[in-house]
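Report on one structure; see the data block that follows.
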Amino acid sequence: MKRYSHWIDGQEAAPLGGTWFETHNPYTGEAWAEIASGSAADVDAAVQAAHRAFTEGPWARLTATERGALLRRVGDLIARDARRLAEIEVRDNGKLLAEMLGQLDYIPQWFYYFGGLADKVEGRVMPLDKPGYFNFTRREPLGVVAAITPWNSPLLLATWKIAPALAAGCTVVIKPSEFTSASSLEFARLFEEAGFPAGVINVVTGFGREVGATLVEHPRVAKITFTGADATGRAINEAAARQFKHVSLELGGKSPNIVFADANLDDAVNGAVSGIFAATGQTCIAGSRLLVQDAVYDEVVERLLALARTARMGDPMSMDTQVGPVTTRPQYDKVLSYIRIAKDEGARLLLGGGPATGEACGTGWFVQPTIFGDVDNGMRIAQEEVFGPVLSIIRFKDEDDAVRIANDVRFGLGSGVWTRDMGRAFRMSERLQAGMVWINTYRAVSFMSPFGGYKDSGLGRENGMDAINEYLQTKSVWINTGAATANPFVMR
Ligand code: NAD
């Protein structure tokens with residue numbers, strides 16, 4: 001079986017504790033590789049390497065333009081290796097090869113964009129009210145960044161963190177999910193090949209408590225950027241607060257996808273399906289609550305069921321497959337338990353509702369695409385993130401009702417609106433409490449468009465120009481150009 005070591009200071013590093021754990025292929029349920037199980041000593045080695053690279057190494061002396069060139073070069077290497085990386089992600093994560101090939105073709109754009117942005121970070125000169133002084137600001141990198149990622153999109157989500165962090169001049173320790181570590185380790189080697197100095201990118205694999213929490217608490221980590229469960233995000237935020245560390249958090253959601261009676265229903269139904277069944281519903285922006293206006297409720301449900309029934313489940317490596325397995329065994333159990341909860345709460349089961357079996361599903365962790373109708377927004381199935389192919393349909397009367405239901409959750413990540421009325425589209429874009437509003441589309445993302453959550457969905461923004469600010473701090477520099485010191489006991 002293949003063995004993956006940590007990646008520390010530009011080379012492979014066996015776990016200091018000498019232990020490994022297995023990673024599984026969700027399509028077969030079988031182990032396919034062994035991953036280094038990290039300890040506090042491994043975390044310390046990686047953070048010290050990142051700190052050395054930040055303070056002493058050649059990285060600290062590179063110009064921003066040179067950093068940008070390295071980022072663009074690694075983008076080229078990712079493009080070169082797209083197919084290989086996509087296949088590793090499919091094997092470890094169960095994502096569709098069709099989706100991963102698209103993702104890997106797109107990921108280089110983050111490195112090109114942030115590579116370009118690296119030398120456009122500018123300070124300001126203050127006009128200043130005080131004669132005899134010159135005052136300007138510098139934008140400086142925060143230092144060592146801990147990038148903690150989940151299992152649902154390991155490379156894409158790592159990219160959203162690494163590209164702006166490196167553009168800002170930080171160094172990074174990546175802690176991938178224990179369920180999907182392999183692709184991040186393969187990724188790290190490409191930074192070495194691109195010419196990044198040793199220690200700029202490190203990967204420590206292992207479990208949340210041993211590696212994740214230790215990393216968060218390491219005194220030399222200046223910033224934590226995290227994507228994952230809200231409970232973990234809360235624990236990280238609390239631990240980071242004790243040392244006044246910078247934090248950005250992307251914590252998932254319970255996003256409303258809202259269909260008005262005047263919508264193009266073909267498009268809306270396609271959008272509803274892609275919102276919840278793409279990536280087997282395992283996306284933070286899953287449109288897991290479908291809000292449908294009374295007048296078209298029955299018609300939308302009928303069309304939706306007809307389309308969802310055609311979903312082809314099977315081997316994620318096959319380009320024909322539309323719905324793959326759930327990535328992890330615990331997640332498979334969790335999704336099935338939410339289906340039971342919804343049934344117990346009285347939601348009406350319209351489709352699916354259990355494990356998917358049959359030849360195409362092999363021995364993998366498959367759940368049937370599941371749709372519940374007549375869901376009340378107060379039910380747990382409408383309030384809690386399932387992170388699987390389970391859709392709740394909720395009726396609404398009018399615009400005010402839709403806004404009230406849409407906002408009546410503690411999350412606020414994505415939201416979709418399907419309408420032909422542009423006035424309504426603008427009004428809804430103002431009234432929805434969500435970091436992203438998609439009008440007549442769903443799940444669109446770009447390296448140049450800010451992404452992040454309102455309310456319990458998180459703190460800070462990824463992507464776009466704002467993202468680099470998450471890795472910078474401002475220094476104000478004062479120069480005396482001739483002001484005389486008057487009374488030294490009085491503040492000037
Ligand atoms: P998680 O939050 O437990 O894990 C995410 C990452 O954080 C992993 O790398 C994990 O090892 C690490 N981690 C765990 N505990 C930590 C701690 N105390 N300190 C620092 N790091 C820690 O999420 P998961 O186990 O991957 O999935 C659990 C649930 O999270 C899912 O069921 C789903 O609802 C949700 N989820 C959300 C997203 C998202 O994009 N928002 C992604 C994956 C999972």
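Side chains included, hydrogens not; waters and symmetry mates left out as well; all remaining heavy atoms used. First listed ligand is number 1; within each ligand, the first listed atom is number 1. What you see is a predicted model, and the numbers here were worked out from it, not measured in a lab.
In this structure, Lys161 does not pair ionically with Glu470, as no charged nitrogen and carboxylate oxygen lie closer than 4.0 Å. With respect to Arg83 and Glu87, a salt bridge is recorded, a charged nitrogen being found less than 4.0 Å from a carboxylate O. Ion pairing of Arg461 with Asp466 is absent here, as no side-chain N (NZ or NE/NH1/NH2) approaches a carboxylate O to less than 4.0 Å.
Listed as neighbours of ligand 1 are Ile148, Thr149, Pro150, Trp151, Asn152, Lys175, Pro176, Ser177, Glu178, Gly208, Gly212, Ala213, Phe226, Thr227, Gly228, Ala229, Thr232, Ile236, Glu250, Leu251, Gly252, Cys284, Gln331, Lys334, Glu385, Phe387, each bearing a heavy atom under 4.0 Å from the ligand.
With a 6.0 Å cutoff to the six-membered ring centre and a 45° limit on the axis angle, Lys455 does not count as a cation-pi contact of Phe411.
Phe447 and Tyr112 have their aromatic ring centers separated by at least 6.0 angstrom. The distance between the ring centers of Phe114 and Trp160 does not fall below 6.0 angstrom.
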